[in-house]
Protein chains: 2
Amino acid sequence: MDAPVSRPLPLRARAEDQRTQPEAGPVPTIVLSPEQRTLVAGIAQSVQVSAKTVIYGQGTHAEMVFLVRKGLVRITHQLEDGRSQVLAFHWPGDPFGLFENDAYLNEATALTDCELERFRLSDLRDLFTKDPQLQSAFLIGAVAELRMNQRHLLLVTHRPILKRVAGFVIECCRQPECYNASTGILTLIMDRSDIADYLGTTVETVSRALGVLENRKLIMRRDARHVHPDLTGLKRLLISPEAEATGRIDIPSLPLSPRCP
Amino acid sequence: MDAPVSRPLPLRARAEDQRTQPEAGPVPTIVLSPEQRTLVAGIAQSVQVSAKTVIYGQGTHAEMVFLVRKGLVRITHQLEDGRSQVLAFHWPGDPFGLFENDAYLNEATALTDCELERFRLSDLRDLFTKDPQLQSAFLIGAVAELRMNQRHLLLVTHRPILKRVAGFVIECCRQPECYNASTGILTLIMDRSDIADYLGTTVETVSRALGVLENRKLIMRRDARHVHPDLTGLKRLLISPEAEATGRIDIPSLPLSPRCP
DNA sequence: CGGGGCCTTGAGCGACCTCAATAAGCGTGG
DNA sequence: CCACGCTTATTGAGGTCGCTCAAGGCCCCG
């Protein structure tokens, strides 16, 4: 699929400017004009959920679509074999609520206290017939989401874990909600196991990879959840010709120094 | 994102019935009513491309959206580090042509001789304002594509390669174009390296995995490109509790027989 | 101070990748 | 028809990245 309307509409639902983000390209966001905003407000229902609440479960009956206003939402798919995969993190401005045959395909969980907007599907459909432009906004949103998904897939198939983690850090820095561009501090809102499940690996490996990145001075860690990334360095790592990126995580990078007695 | 209109519209662009497919759930398909069909025909341009032709290159200027009529199209993303990832295979009825900032994000290649339909973006946009229902169809298409993408991601993160390959075979069997439900013969149109790049692995590993599946009687191979899958068995493998699926590919499955002298 | 989350670190092993050789399919031309 | 080359697929052997299991810090809160 594709974006039939290539340029976003006037007003953004999302917090601030994104042109300043590294790795440009719109984040999945429903963008509405002021009129549409009021139109939508008529059918929107505001919801507050506290951290660690399940917003909807995988396979449950679907009749609502959501929009993040504040906070962070995690989309997880529980695999039949027990493992679980984090499919996405949704930030303010992002829509979510993918379903099929009236059942949600995944589970949505609030990672922080969240403020959400909720739409009944039938209402939304009605509104679409009244204002095709609104539907257009949703189409663009869907396509943006699609791009994000492909990006995610590409990240996960980067075999060397170091690259995956590097890519993840870069992605996070595109979110103004957790990356303070002026201080250069990135706040990791999700825990290690969320990151691991997002990248298709394990907590231990994520931890080790972050350690290596720190050794290589590609990130500096204030604490486990606050890092100062060297974005250009990380990007260089990402596009590096595999060899240097394969950087064995195991070897604690003892240089060639012959062991001094 | 989500499907604001949950039920497909009357007429399918796609070949035949899909309810009979294993693992139901709509394949990404633009579904149009007869009127929409004629409406769209006004701006559609029919294109023939022969096998192995690049339809558009990654990063090239995007102004067209495509729809597969006949044949198979492969979407590939070339990674900066040299590797390449197959993002999707598109069958008759599927739209493609994802872009961002007027540049195609990926490369589209015809794997077989193809018959395509081509739309200029601006034309399509105009048509959307005239017939919002048409836009609705495209929205549904985008959402369907999104589901496929998530499915793909889940497949690829299934770590044990055996499961990935099993899942791939099952997916293929959902395509009436290559799976003959009556004979039970599946024709693999793509070559091993396409499969490998789709699953995020290597040709050798795909080859070995197929070998194991054959040993386990989960598939029978007429030749390299024609297999007779045991769908229920494969599905059982997919949901199996990891242990048995980890089936070491290496060991040529010499049973426990103590070596007879 | 003790307990329970998180995160990190360690040691060992195994699934998969890599590289390399062999085999099978297929068209072309003698 | 077979010889020849080219592409595609399979098979083999060895090395290694990342997983597993297990122990040890760190931090918060009672």
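What's counted below: heavy atoms across the whole structure, side chains too, no hydrogens, waters or symmetry copies. These numbers come from a predicted model, not from an experiment. Chain naming here is simple, since letters A, B, ... match the order of the sequence lines and numbering starts at 1 in each.
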With a 4.0 Å limit, can you tell me whether [X] has a side-chain N or O closer than that to the phosphate oxygens OP1/OP2 of [N]?
X	N	value
B/Ser207	D/dA9	no
B/Thr205	C/dC16	no
B/Arg221	D/dT10	yes
A/Arg159	C/dT18	yes
A/Thr201	D/dG18	no

When the distance from [atom1] of [X] to [atom2] of [N] is rounded to whole Å, what number comes out?
X	N	atom1	atom2	answer
A/Asn215	C/dT8	CG	C1'	13 Å
A/Asp191	D/dC27	CG	P	17 Å
B/Asp197	D/dA9	CG	P	12 Å
A/Arg225	D/dC27	CZ	P	14 Å
A/Arg192	D/dG25	CZ	P	19 Å
A/Leu199	D/dG18	CG	C1'	13 Å
A/Ile161	D/dT16	CD1	P	18 Å
A/Leu162	D/dC19	CG	C1'	17 Å

Exercise. For the side chain of B/Arg208 and the base of D/dG12, is some donor closer than 3.5 Å to an acceptor across the two?
Worked result: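 Donor-acceptor pair under 3.5 Å: yes.
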Exercise. Can you find a donor-acceptor N/O pair under 3.5 angstrom joining the side chain of A/Glu204 to the base of D/dC19?
Worked result: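 No pair found.
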For this session: For the pair A/Lys217 and A/Asp230, find out whether any cationic side-chain nitrogen is under 4.0 Å from an anionic carboxylate oxygen.
Result: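 Salt bridge flag = no for A/Asp230 with A/Lys217.
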For this session: Please determine if B/Glu115 and B/Lys70 form a salt bridge, counting it only when a charged side-chain N lies under 4.0 Å from a carboxylate O.
Result: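 A salt bridge is present here (some side-chain N lies under 4.0 Å from a carboxylate O).
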For this session: Go through the steps for B/Thr109 and B/Glu107 under the test side-chain contact (heavy atoms from CB on, under 4.5 Å), then give the verdict.
Result: CA-CA 7 Å; B/Thr109 312; B/Glu107 177 186 284; 3.2 Å; yes
Problem set entry | Sugar-phosphate, base or nothing in reach of A/Arg164, heavy atoms under 4.0 Å |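 Since no nucleic acid heavy atom lies under 4.0 Å of A/Arg164, the category is nothing.
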Problem set entry | Closest to side chain of A/Pro160, choosing from D/dT8, D/dG18, C/dT18 |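 It is D/dG18.
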For this session: Establish, yes or no, whether a centroid distance under 6.0 Å links the rings of A/Tyr198 and A/His152.
Result: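 Yes, they do, as the ring centres are separated by less than 6.0 Å.
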Exercise. Judged by modelled atom types alone, do A/Asp223 and A/His226 share a side-chain donor-acceptor pair under 3.5 Å?
Worked result: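 A donor-acceptor contact under 3.5 Å links the two side chains.
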Exercise. When the nearest nucleotide of DNA chain D is assigned to B/Gly211 and to B/Lys52 on a heavy-atom basis, which residue is associated with the more 5' position?
Worked result: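 Between the two, 5'-proximity favours B/Lys52.
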